[in-house]
Amino acid sequence: MIKPISARIHGVLDYATVAGFLNAPMVFGFRGTPAAIVYWLAGIHLLMTGCTDFPLGFFKFIPFRIHGAIELVVCVFLISAPWIYGFAGDNIPRNFFIGIAVVIFVVVALTDYSGRVVLPPTEPGDRRQRR
């Protein structure tokens, strides 16, 4: 299966996810536990994205495949958090948590974690360095 999301696009989506987490309590009116969880997730996701070894990472010590595995664990956490922390009866945060888990799962499923970069063939006189 061809996976259309490259590492660079995944990085952009990760930073957009952080922005979404930070804005969700204000936009949807979360208070208390759901808001605290979302703010913590924003910070953790920003830290993880910045430390991932991919084009938009800054420190590059978390392998990209491990990053994807951690995101799958986050999906399970997001789906179960409303029941674990007792806000499953509140429709808005519960539905947000489940919806964002589905979105993250789809992004993980469609991301190419192989790290392959297809470079055009070199031409005579081409001085580009190949890794």
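As the structure is a prediction and not an experimental result, all values here were calculated from the model.
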Can you tell me how far the [atom1] atom of [X] sits from the [atom2] atom of [Y], to the nearest 0.5 Å?
{"X": "Leu47", "Y": "Thr52", "atom1": "CG", "atom2": "OG1", "value": "9.0 Å"}
{"X": "Leu110", "Y": "Ser6", "atom1": "CG", "atom2": "OG", "value": "12.0 Å"}
{"X": "Ile66", "Y": "Phe61", "atom1": "CD1", "atom2": "CZ", "value": "13.0 Å"}

Testing the basics here: between [X] and [Y], what is the closest heavy-atom pair and its distance to 0.1 Å?
{"X": "Cys75", "Y": "Ile104", "answer": "SG-CG2, 3.5 Å"}
{"X": "Tyr113", "Y": "Arg65", "answer": "O-NE, 3.5 Å"}
{"X": "Ala101", "Y": "Leu78", "answer": "CB-CB, 3.7 Å"}
{"X": "Leu72", "Y": "Phe105", "answer": "CD2-CD1, 3.7 Å"}
{"X": "Phe97", "Y": "Pro82", "answer": "CB-CG, 4.1 Å"}

Item to check | Evaluation steps, ring pair (Phe, Tyr, Trp, His ring centres under 6.0 Å), between Phe96 and Phe30 | outcome: CA-CA 10 Å; Phe96 173 81; Phe30 297 176; 5.3 Å; yes
Test of understanding: clusters of I, L, V, M, F, W, Y form through side-chain heavy atoms closer than 4.5 Å, transitively. Do [X] and [Y] belong to the same one?
{"X": "Phe77", "Y": "Val107", "value": "no"}
{"X": "Phe28", "Y": "Ile37", "value": "yes"}
{"X": "Leu41", "Y": "Ile84", "value": "yes"}
{"X": "Val76", "Y": "Trp40", "value": "no"}
{"X": "Met1", "Y": "Ile5", "value": "yes"}

Only distances under 3.5 Å count here; give the side-chain donor-acceptor pairs of residues 14-25 to other protein atoms, sequence neighbours excluded, each with its distance to 0.1 Å.
{"unit_1": "Asp14", "atom_1": "OD1", "unit_2": "His45", "atom_2": "NE2", "d": "3.1"}
{"unit_1": "Asp14", "atom_1": "OD2", "unit_2": "His10", "atom_2": "NE2", "d": "3.4"}
{"unit_1": "Asp14", "atom_1": "OD2", "unit_2": "His67", "atom_2": "NE2", "d": "2.7"}
{"unit_1": "Tyr15", "atom_1": "OH", "unit_2": "Leu56", "atom_2": "O", "d": "2.9"}
{"unit_1": "Thr17", "atom_1": "OG1", "unit_2": "Leu13", "atom_2": "O", "d": "2.8"}
{"unit_1": "Asn23", "atom_1": "ND2", "unit_2": "Ala19", "atom_2": "O", "d": "2.9"}

Checklist entry - So which pairs with a foot in residues 82-93 pass side chain to side chain donor-acceptor pair (under 3.5 Å), sequence neighbours left out? => result Asn91-Arg94
Item to check | Side chain Lys60, main chain Phe54, donor-acceptor under 3.5 Å | outcome: yes
Checklist entry - Should we say atom CD1 of Ile92 is surrounded by more than 12 heavy atoms from elsewhere, each under 6.0 Å from it? => result no
